[in-house]
Each structure stands twice: as C-alpha cells, then as structure tokens.
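The residues of the chain are indexed from 1 along the displayed sequence.
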Amino acid sequence: MIYFAREGKGDLYKLPPRKEPPTNNWRDELGLECDLSAPLWASYIMELSFVLVNEQSLSLQTLGTIISKQFPLLAYNCLLKEVSSFKLHKQTKAVELTCQYEVLDPMQVWQRFGQVEGEVPKMPFQKVALNGIDLGAMGVGVVDFYDSFLMPEKPKELRWLSESSFISGRKLSKSTDLYTKSQEVQVQCVIPYSREEQLTTPLSLLARELQKAGKQTLNDRTCYYKEMTECKLTRSRFYFTLYFQII
C-alpha cells in the first residue's frame, strides 16, 4: 500500500502560476501597462511525501513507479526533479520518501477543475470580490488579506532615489510610481470540506475566474493573478495563498 504523508497531498490541488506578462512602466504614466490578452501558464514544482508499507510495496518495482515520469497516483503528467528525503523504518518495514515533481503541462491542472460546477455554501469570512464575485459565494473563505499598496508612500530609500534623480537632471513626476513592481495583494484562503470531492466545485469556480484573459479586478482594483502557494490539505480544510499583481 502507498499512502500520502505529512500533508503533502495539498500540492495536488495547486493551480499553476502565471508567466510574467510583457510590461511597460514608463515614468510619465501611472502603474504598469500589461498585455494580458493571451495568458500563459508556467510549470511548477510540487512536493509529495509517501509512506510505503508491507514487504511487497518495498520492492524496487514499486519504488520505480514512484520515481518515474508518470506516477499513477498523480492527477497529471509530471517529471521527477529530486528525491529530497528517504527513510527506512526497520521495525515497521515501511519506507518514507519525499519527492519533488515538475508539472509540465499546467493546462492539465485547469482541466481538472474547469468543468465542475455545483452549489457551494457561502463562507462567513472577509469579503473579497474577484471580478465582481465574492469569493465567499464560490465557497472560498478569506482568512487574511494583505495589500502592499497600503504600505508607507515614500520609504527612505525611495526618497533618496527621487532626490538623486532630480539632482542628476532626470525629472520625476510626482505621480511616478517608483515601486509599482512590488505592489501586490496576498489573499490567504481556506476551503472547508467533509469529503475530498467537495473541493472540486470551489476550485472550479475559482479557476474559471483566474484564467480569464485580460485585466481582472480584486475589490474593484485592476490586477492579474500571479500564483498560488502554501497549499496545505488537512482532514477538513484546504489552505492556500493567492498572489495578485496590481496594475
């Protein structure tokens, strides 16, 4: 028998990151000018831990199945990058190993959630609207919300940059955004469930909004989706963090 261990299964529900789109940040304009008409998705690494028990599963054939390009327990094709941990428990005759896989075709991840729809319970968390739709209405609860735009307007090092640029003869508009690239929003989310199949509907609705071409909105601010990180699957909760670039 092969079991998932150490909550590593959460990465199976990880949505792919978005490739950085071509951008312009001219000093005479506000914010970023992005081409979002054709979104591209990047490959990503997921880490999974397994426990193999009983003498039969300790065979080289079984280990070879895990350490291979296509592992049947995974939802999509992937390439083994590294075996980062390998432990043999002699008393229990079990093997515990952790592997890092690269998901080669991110669209396989979207397809897993793209066609599933159904009723989802509304979540009583912070109200965050993606493209005008409350995440709670999708069954995605917002645990924490961080907007880097709310940081101090001119940190010391940015004031120095502005003054040195002025002295050197390069005029900077007062509206010039010197830290546009760092303006992002982090949304820490949770999806509760009683059966693992119940994850597919909220993720389907979320994936449908995140993969839309063109500009998106988050609480009426123009942005685009960057990546999902910190995926953690417990017995009744799926935790993850979404990153958005403000434009």
Side-chain angles (χ1 to χ4, degrees), residues 10-11 13-46 76 102-117 123 125-151 153 175-191 201-231 238-247:
D11 275 351
Y13 296 94
K14 189 175 184 179
L15 302 180
R18 188 174 197 162
K19 285 186 177 179
E20 202 71 29
T23 58
N24 250 337
N25 188 19
W26 300 107
R27 295 192 179 278
D28 58 348
E29 296 181 2
L30 286 174
L32 288 175
E33 180 183 345
C34 309
D35 180 9
L36 301 175
S37 57
L40 299 175
W41 311 105
S43 63
Y44 64 93
I45 303 296
M46 65 179 177
Y76 14 80
E102 180 181 9
V103 179
L104 301 176
D105 184 5
M107 290 312 297
Q108 286 186 321
V109 185
W110 290 123
Q111 290 169 1
R112 185 180 183 189
F113 306 109
Q115 305 299 325
V116 182
E117 290 192 26
M123 306 302 302
F125 291 89
Q126 300 182 40
K127 290 187 177 181
V128 176
L130 174 62
N131 299 330
I133 304 175
D134 183 30
L135 288 179
M138 301 181 193
V140 180
V142 178
V143 179
D144 198 9
F145 184 91
Y146 171 74
D147 189 342
S148 64
F149 185 77
L150 301 178
M151 65 182 175
E153 194 169 308
S175 62
T176 299
D177 193 354
L178 294 176
Y179 47 91
T180 301
K181 290 186 178 180
S182 65
Q183 289 187 10
E184 66 177 15
V185 174
Q186 302 175 21
V187 188
Q188 296 181 9
C189 304
V190 60
I191 300 177
T201 296
L203 284 174
S204 168
L205 299 175
L206 181 62
R208 185 176 62 185
E209 295 301 317
L210 294 179
Q211 67 179 325
K212 285 184 175 178
K215 297 178 181 179
Q216 300 166 331
T217 60
L218 191 69
N219 282 355
D220 297 325
R221 295 191 59 192
T222 307
C223 63
Y224 65 84
Y225 162 75
K226 289 183 65 177
E227 63 178 331
M228 173 193 285
T229 64
E230 301 172 6
C231 298
F238 176 51
Y239 296 93
F240 57 93
T241 301
L242 297 174
Y243 288 81
F244 295 87
Q245 173 70 51
I246 301 299
I247 57 178

Evaluation steps, side chain to side chain contact (heavy atoms under 4.5 Å, CB included), between Ile191 and Tyr13: CA-CA 11 Å; Ile191 300 177; Tyr13 296 94; over 6 Å; no
Taking it one step at a time, do Leu242 and Leu15 satisfy side chain to side chain contact (heavy atoms under 4.5 Å, CB included)? CA-CA 10 Å; Leu242 297 174; Leu15 302 180; 5.6 Å; no
Nearest 0.5 angstrom please: [X] [atom1] to [Y] [atom2], how far?
X: Ile45; Y: Asp11; atom1: CD1; atom2: CG; value: 10.5 Å
X: Leu36; Y: Gln245; atom1: CG; atom2: CD; value: 10.0 Å
X: Phe240; Y: Leu203; atom1: CZ; atom2: CG; value: 6.0 Å

Enumerate the residue pairs fulfilling side-chain hydrogen bond (donor to acceptor under 3.5 Å, both in side chains) with a member in residues 210-220, sequence neighbours excluded, ordered by first and then second residue. Glu209-Lys212
Can you give me the closest heavy-atom contact between [X] and [Y], atom names plus distance?
X: Pro21; Y: Tyr224; value: CD-OH, 3.4 Å
X: Gly10; Y: Cys231; value: O-CB, 3.6 Å
X: Ser37; Y: Asp35; value: OG-OD1, 2.8 Å
X: Ser43; Y: Glu102; value: OG-OE2, 2.9 Å

Taking only residues two or more places apart in sequence or in another chain, which ones pass side-chain contact (heavy atoms from CB on, under 4.5 Å) with Thr229? Glu227, Thr241, Tyr243
With sequence neighbours left out, the residues meeting side-chain contact (heavy atoms from CB on, under 4.5 Å) with Ala42 are Pro17, Lys19
So, do Leu130 and Val187 sit near enough that their side-chain heavy atoms are less than 4.5 Å apart? no
Side-chain contact, heavy-atom cut-off 4.5 Å: Phe244 with Leu210? yes
Any chance you could lay out the side chain to side chain contact (heavy atoms under 4.5 Å, CB included) test for Asp147 and Arg221, step after step, and finish with the verdict? CA-CA 11 Å; Asp147 189 342; Arg221 295 191 59 192; 2.4 Å; yes
Evaluate side chain to side chain contact (heavy atoms under 4.5 Å, CB included) for Val103 paired with Trp41, printing each intermediate quantity in order. CA-CA 11 Å; Val103 179; Trp41 311 105; over 6 Å; no
Should the ring pair Tyr225 and Trp110 be called parallel, tilted or perpendicular, given that the plane angle runs from 0 to 90° and is split at 30 and 60? perpendicular
Looking at Lys14, is its backbone amide N or carbonyl O close enough to the side chain of Tyr44 to form a donor-acceptor pair, meaning the two atoms are under 3.5 Å apart? yes
